[in-house]
Amino acid sequence: MKHSFNTYEVIVVGAGHAGCEAAHIAATMGAKTLLITMNLETIAKMSCNPAMGGVAKGQIVREIDALGGMSGIVADHSTIQFRMLNRSKGPAMWSPRTQNDRVMFSLKWREVLEQTPNLDFVQDSVSSLIVENQKVTGVNTSIGQQFYAPSVVLTSGTFMNGLIHIGMKQMKGGRMGDKASYGITEQLESFGLASGRMKTGTPPRVDGRSLDYSVMEEQKGDEIPGQFSFRQPHEQLKQRSCHITYTNEEVHDILRNNLDQSPLYNGTIKSIGPRYCPSVEDKINRFAERNRHQIFVEPEGWNTVEIYVNGFSTSLPQEVQYEAIRKIKGFENCKIFRPGYAIEYDFFYPTQLKSSLETKAINGLFFAGQINGTTGYEEAGCQGLIAGINAVQHFRNQEAFTLSRSEAYIGVLIDDLINKGTDEPYRMFTSRAEFRILLRQDNADLRLMPRAYEVGTISSETYEHIQQKREHIDELVSYYEKQTIKPENINPVLESLDTPPIPQNYHIEKILSRPQVSTSDLKDVEGIANFIEGYSFDELEQAEIETKYKGYLATEKEQVAKMAKLEHIRIPEGYDYKGITALSNEAREKLSQIKPESIGQASRISGVNPADISILLVHFGR
């Protein structure tokens with residue numbers, strides 16, 4: 001029976017990274033929201049690596065922050081080391097990454113959620129959904145409670161029918177120490193949703209007191225550490241070092257000799273694991289020509305000796321893990337706190353989703369995170385954010401909030417999932433984005449905060465700040481385009497940078513376009529210093545990038561404009577393609593299955609060729 005105490009506008013199931021973002025953003029938008037989790041003590045637990053960001057993932061964290069999400073702010077508050085990766089490459093490749101205090105990260109997320117108005121919590125397990133006439137209306141829990149809402153976001157992580165493997169031992173669970181969830185997969189399948197199985201894994205955690213760091217390579221954080229969040233400045237006063245060591249042939253021999261005890265190789269695990277984060281036994285098999293593999297020795301926090309052994313993910317028996325890991329340089333006396341393990345779990349093929357992350361089969365039901373076949377906290381968090389926003393838009397009968405491939409890495413990720421699908425854990429890379437010069441980590445606020453303001457996820461003060469920042473950058477770019485500089489003022493600087501002097505007055509834009517020259521080199525040059533003095537570091541960096549990459553940015557914007565024309569040609573919902581006989585049989589099959597919302601989306605479905613798109617253009621009007 002519905003009562004005010006058990007009736008909500010949005011229900012979020014699961015409090016991992018996807019669930020936390022979904023619950024926070026829905027409540028922030030003013031929706032009466034309920035977050036249901038099996039254990040309030042493990043909210044936003046970093047089940048694997050105690051780190052956020054990295055290549056392409058760092059861009060996603062900054063996009064989450066620009067859209068009003070909290071992953072960046074929570075990561076900044078729990079950072080023990082910050083590094084900007086790929087600084088030696090162009091700005092499109094720069095990627096922020098933090099090493100985090102695992103406990104602080106989880107506690108900060110809980111604090112954020114508990115301080116969010118409109119958000120309630122229940123510790124329980126959801127056993128089934130309440131569905132009426134293909135519409136979700138609520139959930140049933142394992143202890144017999146019912147909660148009702150027109151929008152439900154399901155973020156099950158690795159918990160649906162989760163099965164843990166350590167050697168030949170198997171345990172039911174969604175994570176080591178946590179029970180699995182049962183019943184939902186079978187119910188969703190009864191509504192026509194197709195599911196599969198995936199596998200992921202984690203390395204052993206070891207006692208840092210038993211390691212010899214003197215024989216490892218020290219990896220320090222950036223001298224001047226940055227941060228993820230544009231919205232909440234957080235000064236990083238101190239950092240902890242990580243270390244690097246390597247496996248060797250002796251380690252590999254031990255692993256090879258025990259592959260028959262690996263569930264990956266003896267047939268026990270039949271599902272597919274992450275291609276780009278393989279287990280150590282998988283690495284020595286797939287890359288047999290290599291005599292060593294890198295191991296990152298990463299602290300789990302400020303006040304613990306526990307160490308995460310990044311690069312040594314394994315599901316071999318614990319005694320084999322012990323034998324092999326103690327042959328690694330610096331690990332000779334290693335003590336294991338917790339063994340590595342593999343876990344298999346259910347997911348649903350993401351081609352069954354709309355671009356809003358709402359399921360096509362059940363109205364008002366949204367999926368986010370590993371249930372969609374992705375891997376990684378960042379990929380989960382951004383899906384939770386989009387699903388949470390759209391859960392609110394749904395019950396308010398407002399237009400879905402979506403991001404295109406040219407607007408955000410988040411747009412690339414969702415577009416890949418719903419059009420191409422995946423049968424192995426999906427991970428984001430910069431190479432997946434066609435417009436990565438536009439989609440840099442440094443300009444995520446400029447790209448996405450106007451969209452966030454429109455949908456109501458950031459404040460007017462934040463929006464006004466970003467408008468002012470955009471104006472300042474435009475002023476700088478215009479100044480560089482129009483202002484000339486004299487040879488006598490700039491040539492000493494150019495010679496010190498080993499780049500040719502200028503014979504006559506040059507526009508600053510032309511000087512700044514040289515790869516050897518940066519804005520910091522011009523800060524003391526007469527005729528420039530006084531003008532740039534009042535601008536922030538971020539504004540100067542943005543203006544420099546826009547000046548240096550002016551031609552490339554213009555080319556990408558032209559390509560985006562061409563793509564946009566196809567995105568604007570909409571396809572009616574539920575359209576029957578059988579009537580378009582000129583289409584290839586494969587195209588009709590794929591279009592009927594995926595149900596694209598536009599010609600642009602149809603063009604990115606594998607099996608739909610350019611001739612098919614031409615036919616659709618004629619049919620629906622150019």
Side-chain angles (χ1 to χ4, degrees), residues 12 15-29 43-44 46 51-79 82 95-98 100 105 108-109 112-113 116 153 155 226-234 356-357 366 368-370 372 374-392 401-404 407-415 417 426-428 430 433 439-459 462-463 466:
V12 178
H17 301 262
C20 287
E21 287 290 3
H24 170 265
I25 207 68
T28 298
M29 293 174 71
I43 284 176
M46 292 177 134
M52 289 291 284
V55 177
K57 292 168 174 279
Q59 282 85 332
I60 289 176
V61 177
R62 288 209 150 177
E63 290 178 352
I64 291 171
D65 182 75
L67 289 168
M70 294 300 296
S71 289
I73 290 170
V74 172
D76 288 341
H77 277 270
S78 57
T79 292
F82 180 93
S95 302
R97 181 189 187 275
T98 58
N100 295 89
F105 185 92
K108 183 64 181 178
W109 248 122
V112 164
L113 293 172
T116 301
V153 183
T155 68
Q227 62 176 53
F228 282 118
S229 181
F230 298 100
R231 296 181 290 128
Q232 277 193 22
H234 182 80
S356 62
L357 296 182
F366 297 80
Q370 284 172 292
N372 291 334
T374 59
T375 180
Y377 311 140
E378 303 83 1
E379 289 90 342
C382 73
Q383 290 174 73
L385 183 78
I386 299 300
I389 292 171
N390 282 317
V392 177
F401 178 84
T402 60
L403 296 168
S404 70
E407 286 181 292
Y409 272 89
I410 298 173
V412 173
L413 182 147
I414 293 173
D415 192 71
L417 292 176
Y426 177 101
R427 179 180 176 182
M428 178 53 71
T430 51
L439 308 183
R440 306 183 310 277
Q441 55 83 29
D442 57 90
N443 70 354
D445 55 343
L446 297 168
R447 288 186 278 119
L448 297 176
M449 281 186 177
R451 294 292 315 276
Y453 183 67
E454 287 172 12
V455 80
T457 59
I458 62 170
S459 67
T462 300
Y463 179 61
I466 200 63

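Each residue takes its place number in the sequence, starting with 1.
Put simply, the side chain of Asp445 never gets that close to the backbone of Ala66: no donor and acceptor are under 3.5 Å apart. When atom types are taken as modelled, the side chain of Asn390 and the backbone of Ile386 share a donor-acceptor pair closer than 3.5 angstrom. Looking at Arg231, its side chain does come within 3.5 Å of a backbone N or O of Gly69 through a donor-acceptor pair. Under a 3.5 Å cut-off, the side chain of Thr457 and the backbone N or O of Leu67 do form a donor-acceptor pair.
Checked against salt bridge (Lys or Arg N to Asp or Glu O under 4.0 Å), Glu379 has the following partners two or more places apart in sequence or in another chain: Lys57. Shown here are the salt bridge (Lys or Arg N to Asp or Glu O under 4.0 Å) partners of Arg447, two or more places apart in sequence or in another chain: Glu63.
Counting heavy atoms from C-beta outward, Ile73 and Val112 have side chains that stay 4.5 Å or more apart. Residues Phe228 and Asp65 fail the side-chain proximity criterion, which asks for heavy atoms closer than 4.5 Å. Residues Val412 and Met428 are in side-chain contact: their nearest non-hydrogen atoms beyond the backbone lie under 4.5 Å apart. Counting heavy atoms from C-beta on, the side chains of Gln383 and Leu413 come closer than 4.5 Å. When side chains are defined from C-beta on, His24 counts as touching Thr28, because their heavy atoms get closer than 4.5 Å. Contact annotation: the side chain of Lys108 never approaches that of Ser78 to less than 4.5 Å [non-hydrogen atoms, C-beta and beyond].
Looking only at atom types and distance, the side chain of Thr98 has a donor-acceptor partner in the side chain of Asn100 under 3.5 Å away. A donor-acceptor contact closer than 3.5 angstrom is absent between the side chains of Gln232 and Asp76. Donor-acceptor pairing under 3.5 Å is lacking for the side chains of Ser71 and Glu378.
The two residues Ala56 and Tyr409 come nearest to each other via the heavy atoms CB-CE2, 4.2 Å. Contact detail for Ala387 and Val153: the closest heavy-atom pair is CB-CG1, 3.9 Å. What you find for Ile64 and Cys382 is that their closest heavy atoms are CD1-N, 3.5 Å. When every heavy atom of Ala18 is checked against every heavy atom of Ala368, the shortest pair comes out as CB-O, 3.9 Å. When all heavy atoms of Gly54 and Arg97 are compared, the pair lying nearest together is N-CB, 3.6 Å. Nearest heavy-atom pair across Arg451 and Glu407 is NH1-OE2, 2.7 Å.
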**His77 vs Trp109, side-chain contact (heavy atoms from CB on, under 4.5 Å): CA-CA, chis, key distance, verdict** = CA-CA 10 Å; His77 277 270; Trp109 248 122; over 6 Å; no
**Asked** Do Gln59 and Thr430 pass the side-chain contact (heavy atoms from CB on, under 4.5 Å) test, and can you show the C-alpha distance, the side-chain angles, and the key distance before you say yes or no?
**Response** CA-CA 9 Å; Gln59 282 85 332; Thr430 51; 4.0 Å; yes
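Taking the six-membered ring where the residue is Trp, Tyr453 and Tyr463 present parallel rings, their angle staying beneath 30° rather than reaching 60°. Ring-plane geometry between Tyr377 and His17 is classed as parallel, the angle between the planes falling under 30 degrees on a 0 to 90 degree scale with a further cut at 60.
In this structure, Ile43 CD1 and Cys20 SG are separated by 6.0 Å, a value rounded to the nearest 0.5 Å. With rounding to the nearest 0.5 Å, the separation of OH in Tyr426 from CD in Gln370 is 15.0 Å. We find the CG-CE distance between Leu385 and Met70 to be 11.5 Å, quoted to the nearest 0.5 Å. Summarising the geometry, atom CD1 belonging to Ile414 is positioned 8.5 Å from atom OG1 belonging to Thr402; distances are rounded to the nearest 0.5 Å. The CZ atom of Phe230 sits 9.0 Å away from atom CG of Leu448, with the distance rounded to the nearest 0.5 Å. The CG atom of Leu439 sits 10.5 Å away from atom CG of Leu403, with the distance rounded to the nearest 0.5 Å.
Results of the side-chain contact (heavy atoms from CB on, under 4.5 Å) test with Ser95 over Ile60, Val61, Val55 single out Val55 as the only residue that passes.
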